[in-house]
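All residue numbers in this chain count up from 1 along the given sequence. Note that this is a predicted model, so its numbers are computed, not measured. Whatever order the structure lists ligands and atoms in, that order sets their numbers, starting from 1.
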Amino acid sequence: MKEYKGKRVFGGIAIGKICIYKKEEQQVKRIRIADTNAEILRYRQAKNEAIEQLQDLYQKALKEVGEANAAIFEVHQMMLEDTDYNESIESIVSGQSVNAEYAVALTGDNFSQMFAAMEDEYMKARAADVKDISERVLSILMRTDNPIIDTDEPVIVVADDLAPSQTVQLDKDLILAFVTVQGSLNSHTAILARTMSIPALVQTSFQIDRQIDGKLGIVDGENGVFYVEPDEKTVQEMKRRQKEEHHKKELLLALRGKENVTLDGRRVMLYANIGNIKDLATVIQNDAGGIGLFRSEFIYLEREQFPTEEEQFQIYRQVAETMAGKRVIIRTLDIGADKQCDYFEMEHEENPALGCRAIRICLSRPEIFRTQLRALFRASIFGKIAIMYPMITSIKEIEQIYAIVSQVKAELDEQNIEYGQPEQGIMIETPAAVLISDLLAKKVDFFSIGTNDLTQYTLALDRQNTSLDAFYDPHHPAVLRMISMVVDNAHKAGIWAGICGELGADLSLTKEFLAMGVDELSVSPGSILPIRKIVRETNVEQYKAGN
Ligand code: PEP
Ligand code: MG
């Protein structure tokens with residue numbers, strides 16, 4: 001038996017087979033080929049498939065983001081037809097009797113170096129495009145149908161790290177727990193584990209060894225321990241604790257249907273955070289009063305191209321209908337920083353957390369924003385949808401958003417398409433928004449405080465950088481004072497304020513949040529009943545008086 005320490009993301013115990021997460025490896029090997037004519041044919045087929053993919057992408061982008069942004073896919077098609085590029089690949093295959101993958105990779109490298117060395121800025125920029133088209137052809141040539149996690153029974157997923165774009169591809173029904181060597185407590189993999197209410201550890205002190213793939217493992221989420229090939233005594237002890245936890249959960253289930261009201265009559269809304277419609281089952285099981293944060297960017301992350309208006313409309317409508325009149329707050333696209341989507345083709349940034357993310361992308365690429373807004377406004381007649389805008393720093397941004405909203409409504413009117421009147425609120429997750437929250441409150445219907453980003457920006461601590469953990473204090477008085485200030489300013493303007501960052505689920509702060517007058521806590525579904533328990537046992541006035 002081996003034992004490794006990790007940082008606890010979510011409690012609970014998982015016992016099951018270990019499955020090492022396999023990254024799609026694109027290692028190109030040089031292989032000798034006897035029948036080079038057949039190999040050239042294989043290349044041509046892959047190239048034609050790539051051109052078809054690009055044609056589809058072009059058509060889709062044309063509808064979604066307009067001609068100027070779609071043009072890149074046309075350029076890529078032309079580059080794939082380029083005589084020099086094709087001759088180079090085919091002559092490497094026939095001249096050196098090698099595989100098409102090697103010839104494509106070599107030609108991609110040679111051509112991109114050649115472009116990069118040119119004087120002309122336009123030609124220089126083509127270096128990245130040659131690489132891009134070559135990678136597209138390579139991924140077709142090297143296509144394997146191996147699933148990322150190769151299992152048909154639920155497993156403990158072990159990985160070096162998992163990016164949001166990777167976690168969205170995992171089949172959630174097959175995951176018992178996550179263990180990663182890297183990853184921070186506020187990373188989106190951690191958030192996903194909390195949403196799924198499964199044990200998870202990050203920064204686990206071991207080196208991934210493929211030999212443990214398929215072996216028995218135990219994740220003790222409570223104590224932050226990962227056991228590989230546990231001995232019989234440990235297995236029995238963990239099974240006993242699993243039963244105990246199950247019993248505790250059953251007791252909490254008795255709180256379903258009960259109100260979130262304190263002993264002295266203060267009410268608070270307890271909502272759930274979700275990233276996917278599949279999360280709705282746990283939302284209902286845990287009796288959430290609504291959805292306080294639907295991270296809509298996951299719809300974008302799980303696709304290889306922009307989701308259409310219709311695809312989004314169907315998802316938003318389904319969430320609204322399932323929640324049957326309860327409030328559903330859908331946050332508009334928050335791409336950027338750690339949530340990267342290749343097809344957005346964002347420029348490389350030195351400081352992505354301080355870069356073009358969230359509302360900044362929506363305001364600088366309004367075609368993308370408009371598609372989402374149209375879907376949201378249309379879906380809002382099927383339930384109580386509210387729209388929430390992320391990463392706000394100024395009044396000017398709100399005015400720009402409202403101008404686009406007006407255009408969207410006018411367009412829908414013109415087309416005789418029905419839409420509702422959703423509430424519109426903002427996330428307070430930058431110190432700038434906190435300091436002007438008195439002014440912002442006059443412009444919107446509600447505030448939701450994103451403590452994950454607010455903490456990162458207030459303490460100047462990158463939420464992804466695990467080496468800064470020693471400096472990270474989630475209870476820092478600066479953050480707590482900011483929350484209190486935002487709530488006061490919201491109430492002065494007659495609107496409500498909630499918290500949808502991870503701090504909202506910190507049970508050691510529930511009483512403090514009630515004392516501040518926080519109106520809503522939006523947390524992972526599994527945290528709703530434990531918070532309800534504390535709320536129902538608290539007397540806010542007595543707590544404030546220090547008793
Ligand atoms: C936050 O920043 O607190 C938040 C809820 O948004 P996200 O974690 O998705 O950035
Ligand atoms: Mg945020």
Side-chain angles (χ1 to χ4, degrees), residues 9-10 162-165 167-168 183-196 200 202 271-276 279 290-302 329-341 351-362 386-393 397 425-434 437 446-465 472 474-476 478-480 482-483 486-487 497-506 509 513 518 520-525 527:
V9 170
F10 195 83
L162 286 165
S165 56
T167 47
V168 292
S184 77
L185 289 172
N186 268 332
S187 66
H188 283 87
T189 305
I191 291 172
L192 177 77
R194 286 187 204 113
T195 307
M196 293 168 66
V202 292
Y271 287 0
N273 291 349
I274 62 166
N276 195 295
D279 300 332
I291 305 286
L293 169 64
F294 177 2
R295 289 182 162 93
S296 72
E297 59 275 10
F298 280 88
I299 301 171
Y300 293 73
L301 284 170
E302 57 197 17
I329 302 177
I330 302 177
R331 173 175 77 183
T332 57
L333 184 60
D334 186 6
I335 286 288
D338 64 319
K339 289 178 274 189
Q340 294 291 341
C341 246
N351 285 307
L354 302 180
C356 195
R357 58 170 290 200
I359 203 66
R360 298 172 183 176
I361 297 183
C362 291
I387 305 177
M388 177 156 78
Y389 305 107
M391 281 293 291
I392 297 297
T393 57
E397 285 160 352
I426 55 171
M427 292 201 59
I428 301 286
E429 49 186 347
T430 63
V434 173
S437 52
F446 63 89
F447 284 159
S448 187
I449 306 170
T451 49
N452 308 337
D453 278 314
L454 185 58
T455 307
Q456 121 164 303
Y457 296 130
T458 304
L459 305 185
L461 276 172
D462 178 355
R463 65 194 264 193
Q464 296 294 119
N465 187 342
Y472 182 76
H475 294 190
H476 196 293
V479 176
L480 297 179
M482 284 194 177
I483 296 173
V486 170
V487 174
I499 300 176
C500 64
E502 297 300 293
L503 201 64
D506 187 329
L509 288 174
F513 292 148
V518 172
E520 177 241 22
L521 293 170
S522 189
V523 295
S524 55
S527 293

field: From CA spacing to verdict: side chain to side chain contact (heavy atoms under 4.5 Å, CB included), R295, I191
entry: CA-CA 11 Å; R295 289 182 162 93; I191 291 172; 3.4 Å; yes
message: Quick one, E502 with L185, criterion side chain to side chain contact (heavy atoms under 4.5 Å, CB included). Give me CA distance, side-chain angles, the key distance, then yes/no.
response: CA-CA 10 Å; E502 297 300 293; L185 289 172; over 6 Å; no
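Distances shorter than 4.0 angstrom occur between a heavy atom of K339 and an atom of ligand 1.
Annotation: the span from I449 atom CD1 to S437 atom OG amounts to 8.5 Å, rounded to 0.5 Å. Distance check: M427 CE to L293 CG gives 6.0 Å after rounding to the nearest 0.5 Å. To the nearest 0.5 angstrom, F446 atom CZ is 8.5 Å from E520 atom CD.
Salt bridge annotation for K339-D334: present, with a cationic side-chain nitrogen under 4.0 angstrom from a carboxylate oxygen. Using a 4.0 Å cut-off between charged side-chain N and carboxylate O, D453 and R357 make a salt bridge.
For ligand 1, the polar-atom distance check against E502 finds no nitrogen or oxygen pair separated by under 3.5 Å. Residue T451 places at least one N or O, backbone or side chain, under 3.5 Å from an N or O of ligand 1.
If you look at R463 next to ligand 1, the close heavy atoms, those under 4.0 Å, all belong to the side chain. When heavy-atom distances to ligand 1 are checked against a 4.0 Å cut-off, L293 comes that close only through its side chain, counted from C-beta outward. Residue M427 touches ligand 1 through its side chain alone, judged by heavy-atom distances below 4.0 Å. For R331, every heavy-atom contact with ligand 1 shorter than 4.0 Å involves the side chain, none the backbone.
Screening I329, T332, I426 for a side chain to side chain contact (heavy atoms under 4.5 Å, CB included) involving M388 leaves a single residue, I329.
Atoms of ligand 1 found under 4.0 Å from any heavy atom of G450 (numbered from 1 in listed order, with element): 1 (C), 2 (O), 3 (O). When each atom of ligand 1 is checked for a heavy atom of G501 under 4.0 Å away, the hits are 3 (O), 5 (C).
A distance-only check finds a donor-acceptor pair linking the side chain of Q456 to the backbone of R463 [under 3.5 Å]. Judged by distance alone, with hydrogens and angles left aside, the side-chain atoms of R194 form no donor-acceptor pair with the main-chain N or O of F10 at under 3.5 Å.
Nearby protein atoms of type N, O or S around the Mg ion (ligand 2) amount to 2 (distance under 2.8 Å).
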